[in-house]
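Accompanying notes for the structure given below.
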Amino acid sequence: MKTNKNFHVAGTTFRGRQGYICYLNRNRANAYCSLRREANNAADANAIAVIGHVRGGKHVMLGYVPRELAAQLAPVMDAGRTVWCDGFKVVCGGPKRTYGVVVDISL
């Protein structure tokens with residue numbers, strides 16, 4: 001059975017990620033996201049990073065799957081099942097406002 005979910009990426013304001021999100025948004029036509037399991041993450045053994053990619057460009061760390069959802073997805077990914085990023089959208093932003101990212105996934 002296929003399951004679809006979406007979530008707001010956590011940690012988008014750390015380590016220059018706001019600039020990365022702008023880069024991804026400017027190259028939207030050639031951009032996509034993927035998930036990378038970080039089982040050795042010291043802060044959370046269930047951590048799953050969200051990576052933004054631009055075809056012909058670079059890939060950048062956007063943040064993390066929220067802790068509660070990561071706790072559900074980590075065992076699925078550890079079992080070898082693929083979690084697909086079906087799409088993303090950049091939200092908020094603008095003068096004196098931070099950017100966020102909402103990712104759609106299916107498994």
Leu62 CG to Phe14 CZ distance, which is reported to the nearest 0.5 Å: 14.5 Å

message: Just so I know, are the side chains of Thr98 and Thr12 near enough to count as touching, which here means a heavy-atom distance under 4.5 Å?
response: no

query: Given side chains that start at C-beta, do those of Val101 and Leu24 come closer than 4.5 Å, heavy atoms only?
result: no

- request: Give the minimum heavy-atom separation between Val83 and Met77, together with the two atoms involved.
  value: CG2-CG, 3.6 Å

Heavy-atom side-chain contact between Val9 and Val103 under 4.5 Å: yes

- request: Mind listing the closest non-hydrogen atom pair of Gly100 and Ile21 along with its distance?
  value: O-CG2, 4.5 Å

- request: Give, for atom CD of Glu38 and atom OH of Tyr64, the distance between the pair rounded to the nearest 0.5 Å.
  value: 3.5 Å

- request: Can you establish whether the number of heavy atoms outside Arg28 located under 6.0 Å from its atom CZ is more than 12?
  value: yes

- prompt: Distance from Asp86 atom CG to Asn4 atom CG, nearest 0.5 Å?
  reply: 6.0 Å

message: Looking at every non-hydrogen atom in both residues, tell me the closest pair between Arg17 and Gly63 and how far apart they are.
response: NH1-CA, 3.9 Å

- prompt: Hey, does the side chain of Gln18 reach the backbone of Tyr99 with a donor-acceptor pair shorter than 3.5 angstrom?
  reply: yes

field: Distance (rounded to the nearest 0.5 Å) between Arg37 CZ and Asn41 CG
entry: 9.0 Å

task: Please check if atom CG in Asn40 has more than 12 non-hydrogen atoms from other residues, nucleotides or ligands closer than 6.0 Å.
output: no

field: Arg36 (side chain) donor-acceptor with Ile48 (main chain) under 3.5 angstrom
entry: no

- request: Nearest 0.5 Å please: distance from the CG atom of Leu69 over to the NE2 atom of His8.
  value: 12.5 Å

- prompt: Cluster question for you: counting only ILVMFWY and a side-chain heavy-atom cut-off of under 4.5 Å, with indirect links fine, are Leu73 and Trp84 together?
  reply: no

query: Do the side chains of Val65 and Tyr32 join up, straight or via other hydrophobic residues, at under 4.5 Å, putting them in one cluster?
result: no

- request: Step through the shown structure and confirm whether more than 12 heavy atoms of other residues, nucleotides or ligands are within 6.0 Å of NE2 on His53.
  value: yes

field: Backbone of Tyr23 reached by a side-chain donor or acceptor of Asn27 within 3.5 Å
entry: yes

query: So how far is it from Phe7 CZ to Phe88 CZ, rounded to the nearest 0.5 Å?
result: 12.0 Å

Joint hydrophobic cluster, Ile51 plus Val54, side-chain heavy atoms closer than 4.5 Å: no

message: Minimum heavy-atom separation for Val50 and Leu35, please, with both atom names.
response: CG2-CD2, 3.9 Å

field: Residues, nucleotides or ligands: over 12 heavy atoms within 6.0 Å of Arg55 CZ
entry: yes

statement: Heavy atoms of Cys33 and Cys85 approach each other most closely as O-CB, 3.1 Å

